[in-house]
Amino acid sequence: MRFTRLMTKTMRTDPAEAETPSHRYMLRTGMVFQVAAGVYAYLPLAWRSLRKIEGIIREEMDAAGGQEIRMPALQPIELWDESGRSKTFGKALFTLKDRRERGMVLAPTHEEVISQLAKTYIQSYRDLPVIPYQIQTKFRDEPRSRAGLIRVREFDMKDAYSLDADEDGLESSYRAMAQAYRNIYERCGLPALMAEADSGAIGGKDSHEFILPTPTGEDTVITCDGCDYAANLERATGVKPPLAPEAPLPMEEVSTPGVKTIAALSDFLRAPESKTLKAVFYDADGETVFVTIRGDLEVNEVKLSNHLKAAALRLATEEEVSRAGLVAGSASPVGLEGIRRVADDSILSGANFVVGANKPGAHLLNANYPRDFEVDEVLDIAMAAAGQECPGCGGTLKSVRGIEVGHIFKLGTFYSETMGVQYLDREGRRRPVIMGCYGIGVGRLLAAAIEQNHDDKGIRFPVPIAPYHVHLVGLNLTDPDVATAAEDLYRRLWNAGVECLYDDRPEETAGVKFNDADLLGLPLRVVVSRRALANGSVEARRRGDKAATLLPLADVEQDVKGLLFT
RNA sequence: CGGGGCGUGGCGCAGUGGGAGCGCGCAUGGUUUGGGACCAUGAGGCCGUGAGUUCAAACCUCACCGCCCCGACCA
């Protein structure tokens, strides 16, 4: 491709709205064009890169036993009523009506259609296992799109579905997919880590996310410095800092005028926060729930929500709190009745806690469970935190931000059962198909690759996903000899299988061309100039290298390939 | 949906009642040509939309729309 023909324009200044590096550079290079919030057009450079990523994904999915299919994005809403997800997916589901006023959806994912397909084509254990997959456009009316291609409302996703006869089969499909994912990230230049995850709206039990660590990410992952434990903060468990054992003391009331927060209470009584119990009030699908946890810990709302099986969990409003008879600032489980009480198991970790007295301006010292209060459930609902001990190996937990570049789920029989996907086993018995599903956002992967591979001058594309291999820069192009040599090299490189973008602009200065080359970030820059030609050479520099090397023109193709592919 | 911010040529911005501007980019001519050159000339804007206030609105008021950022959700 010639630069003068490329339908792209580079920008010298950062667009005001772009804050994350990948977003900034994708706009400045002219890779993407924004049409609406979270809706983008892909221009030639981005599209070439995306197609390369798709190619890598296809190769790895096929190698892992997948078979590519294609399902429609436009689907009848009845299908979603059947699985129940027209409700549970909520407002993120794009819905519309056709001319006959029938409800339709623009699909955000394809478990429903796969289930329909499976009902027809999977009849016997002999038909299993299969792993159909597709790369196709998804629609999700996200509450908020952000950071360029990181989070958008229309995006291409590779979604795969494993159909197995039993749990062992699922296990083996899941492992094969996980390995395929690791291969994909490695080939895209991404050191992604595999973390235990919450399965969210898709449903199911076990799931893992692949996270690319980067400060601009929107997820937090807890990792261990002593072992390979990694889990999304939503699900991670840390060892709660232990308290020194004490003999229980008699409970007594103290006056704490105006003290409403744990920090103020700790300060007022000169007691560590870990010796207090805090109270938090939630609304779970309309029911007010009382939650208590040790003062130095935070409630993990995902864990709580999963336990309560709540579709919508949020903090209760002041009005709901007072209607439930709770005293914000001085609430505790002591004497509390007529409301669901959930406690974090940290209440078992010590004795003589400071708790609210359930009346304004007063707290109780030396509250002990179960001597002084009752709760309905005790379980781990605490947020893990950096610095805590790893539950597996005793190492120290760390916290990293990252971008979720893939998510795999063991769905089990949820869709098989709700949608009636069954097969006949060897004994002629009907059994539900065991399903898994596996997603990678293609555009997000590109954005993540740029987040991971850039510097202050621009992108640094890894070779396998670069739109072109070589950025051929012609200097002194008004000199016919140089122009001819550059044209000749351009042809030779393509003939040798090296994908080449040729900056053939005759008037631009060297500085402009070099800066554009750095910005676009193709892996190898080759400069044809009067100066280098005088030595019978061209100049080559890998993006990111400091020094250039002279390559003799005689067998420049081999040298270029050597620099690119070894 | 809650909180914050912003809508003025392609991009970045100034302009806060009375002539729509600057830089970059773009076009033409000329001089340049190894890290974002210089000179000259020129094109390009119902100042997000609609109502209102006013003799007069990019500017003040109200409403709406759009976009960005922070939070609740996800590939």
Side-chain angles (χ1 to χ4, degrees), chain A residues 9-20 23 27-28 30 33-39 57 88-93 108-109 135-160 181 192 197-202 207 209-212 216-219 232 234 301-302 305 311-315 317 403-409 437-448 457-458 473-479 482 505-519 525 527-532 539 541 548:
Chain A
K9 196 160 283 287
T10 57
M11 295 180 202
R12 293 195 183 196
T13 47
D14 287 333
E17 77 266 20
E19 297 195 353
T20 20
H23 190 199
L27 287 171
R28 278 191 57 189
F33 174 84
Q34 184 176 13
V35 175
V39 181
I57 292 173
T88 56
F89 223 93
K91 287 182 157 180
L93 191 65
T109 168
I135 297 174
Q136 188 251 14
T137 307
K138 304 288 185 260
F139 299 88
R140 294 185 186 178
D141 199 355
E142 295 287 344
R144 182 161 85 90
S145 44
R146 65 174 286 271
L149 293 194
I150 298 289
R151 185 176 203 73
V152 291
R153 297 191 297 167
E154 175 183 322
F155 61 102
D156 290 345
M157 178 165 97
K158 186 285 299 172
D159 46 323
Y181 272 44
D198 182 72
S199 50
I202 308 278
S207 94
E209 285 171 343
F210 291 84
I211 302 280
L212 175 75
T216 52
E218 39 184 10
D219 280 86
N232 192 301
E234 294 174 349
E301 296 184 3
V302 173
S305 172
L313 181 77
R314 56 169 174 78
L315 286 172
T317 61
I403 300 170
E404 182 189 357
V405 289
H407 202 157
I408 61 179
F409 302 81
C437 75
Y438 313 88
I440 291 184
V442 182
R444 181 127 113 193
L445 200 55
L446 172 60
K457 309 209 80 169
V473 176
L475 298 183
N476 324 114
L477 287 178
T478 46
D479 178 336
V482 181
R505 291 175 291 180
E507 303 292 341
E508 291 299 347
T509 60
V512 170
K513 293 189 172 194
F514 290 154
N515 280 302
D516 275 343
D518 288 340
L519 181 64
R525 188 184 84 189
V527 179
V528 180
S529 67
R530 204 180 279 137
R531 195 162 89 185
E539 203 178 278
R541 192 176 82 176

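Here is how names work: the chains are called A, B, and so on, in the same order as the sequence lines, proteins then strands, and each is numbered from 1.
Going from the P atom of G5(B) to that of A63(B) covers 16 Å, rounded to whole Å. Across U16(B) and C60(B), the matching C1' atoms stand 9 Å from one another, rounded to whole Å. Rounded to the nearest Å, the gap between the C1' atom of A58(B) and that of C6(B) is 15 Å. A57(B) and G29(B) have their C1' atoms separated by 41 Å, given to the nearest Å. When the P atom is compared between G36(B) and C24(B), the two are found 15 Å apart, to the nearest whole Å. The separation of G66(B) from U61(B), taken at their P atoms, amounts to 22 Å, rounded to a whole angstrom. Taking atom C1' in both C13(B) and C73(B), one finds a spacing of 35 Å when rounded to whole Å. Look at the P atom in both C64(B) and G21(B): the space between them is 34 Å, to the nearest Å.
If you measure from atom CZ of Phe210(A) to atom P of C74(B), you get 18 Å, rounded to the nearest angstrom. Atom NZ in Lys91(A) sits about 16 Å away from atom P in C74(B), given to the nearest Å. Between Lys9(A) atom NZ and C24(B) atom P the separation is 16 Å, expressed in whole Å. Atom CG of Asp159(A) is separated from atom C1' of C74(B) by 14 Å (rounded to the nearest Å). One atom, CD1 of Ile403(A), and another, P of A75(B), lie 15 Å apart when rounded to the nearest Å. Rounded to an integer number of Å, the gap from CG of Leu27(A) to C1' of G25(B) is 16 Å. Straight-line distance from the CD atom of Gln136(A) to the C1' atom of A75(B): 13 Å, rounded to whole Å. If you take CD of Glu234(A) and C1' of A72(B), they are 11 Å apart, rounded to a whole angstrom.
Classification of Lys91(A) and Asp141(A) as a salt-bridged pair fails, no side-chain N sitting under 4.0 Å from a carboxylate O.
With Arg153(A) contributing its side chain and Ala37(A) its backbone, the two residues share a donor-acceptor pair below 3.5 Å. Looking at Arg444(A), its side chain never comes within 3.5 Å of a backbone N or O of Val405(A) through a donor-acceptor pair. Judged purely by atom type and a 3.5 angstrom limit, Tyr438(A) has no side-chain atom pairing as donor or acceptor with the backbone of Tyr181(A). Remark: side-chain polar atoms of Arg140(A) are paired, donor with acceptor, to backbone N or O of Pro108(A) under 3.5 angstrom.
Under the Watson-Crick or G-U wobble criterion, with both distances below 3.5 Å, A75(B) has no partner in any strand shown. Pairing for A57(B) is absent, judged as Watson-Crick or G-U wobble with the two contacts each under 3.5 Å. Both distances falling under 3.5 Å, in either a Watson-Crick or a G-U wobble arrangement, place A37(B) opposite U31(B). Under the Watson-Crick and G-U wobble criteria, each requiring two contacts below 3.5 Å, nucleotide G2(B) is paired to C70(B). With a cut-off of 3.5 Å on both pairing distances, the Watson-Crick or G-U wobble partner of G42(B) is C26(B). Applying the Watson-Crick and G-U wobble criteria (two distances, each under 3.5 Å), C62(B) pairs with G50(B). Across the strands present, G21(B) finds its partner in C13(B); the criterion is a Watson-Crick or G-U wobble pair with both atom distances under 3.5 angstrom.
Residues that satisfy the side-chain hydrogen bond (donor to acceptor under 3.5 Å, both in side chains) test with Glu539(A), not counting sequence neighbours, are absent from this structure. Checked against side-chain contact (heavy atoms from CB on, under 4.5 Å), Gln136(A) has the following partners two or more places apart in sequence or in another chain: Arg70(A), Ala73(A), His110(A), Gln134(A), Lys138(A).
For the atom pair CD1 of Ile440(A) and CG of Asp156(A), the computed distance is 13.0 Å after rounding to the nearest 0.5 Å. Atoms CD1 and CZ, on Ile150(A) and Phe155(A) in that order, are 12.5 Å from each other to the nearest 0.5 Å.
Counting non-hydrogen atoms under 4.0 angstrom, Pro143(A) reaches a base of the nucleic acid. Within 4.0 Å of Ala548(A), counting heavy atoms only, lies no atom of the nucleic acid at all. Residue contacts shown for Ala16(A) are limited to sugar-phosphate atoms, with no base heavy atom under 4.0 Å away. Residue Ala36(A) is in sugar-phosphate contact alone, with no base atom involved, counting any heavy-atom pair closer than 4.0 Å across all strands shown. Nucleic acid contact class of Glu17(A) (heavy atoms, under 4.0 Å, all strands): sugar-phosphate only.
In the set C26(B), C74(B), U33(B), C74(B) carries the atom at the smallest distance from any side-chain atom of Asp219(A). Of the candidates C26(B), C74(B), C68(B), C68(B) carries the atom nearest the Glu19(A) side chain, counting heavy atoms from C-beta on.
At least one side-chain nitrogen or oxygen of Gln34(A) sits closer than 4.0 Å to the OP1 or OP2 atom of C68(B). Applying the 4.0 Å criterion to OP1 and OP2 of C73(B), one finds that Arg140(A) has every side-chain N and O outside that range. Taking only side-chain nitrogens and oxygens, Arg144(A) comes nearer than 4.0 Å to OP1 or OP2 of C70(B). Note on Arg146(A): a side-chain N or O is less than 4.0 Å away from OP1 or OP2 of C70(B).
An anti orientation is assigned to U28(B), its glycosidic angle lying beyond 90° of 0.
Taking the nucleotide of RNA chain B with the nearest heavy atom to each of Glu218(A) and Asn476(A), the more 5' of the two is matched to Asn476(A). Mapping Thr13(A) and Val152(A) onto RNA chain B via the closest heavy atom, the residue that lands nearer the 5' end is Thr13(A).
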When you look at Thr216(A) and His23(A), which way does the side chain to side chain contact (heavy atoms under 4.5 Å, CB included) test go after all the steps?
-> CA-CA 11 Å; Thr216(A) 52; His23(A) 190 199; over 6 Å; no
Sugar-phosphate atoms are those with a prime plus P, OP1 and OP2; base atoms are the rest. Using that split, label each nucleotide of nucleotides 35-40 of chain B B, S or - for protein heavy atoms under 4.0 Å, 5' to 3'.
-> BBB---
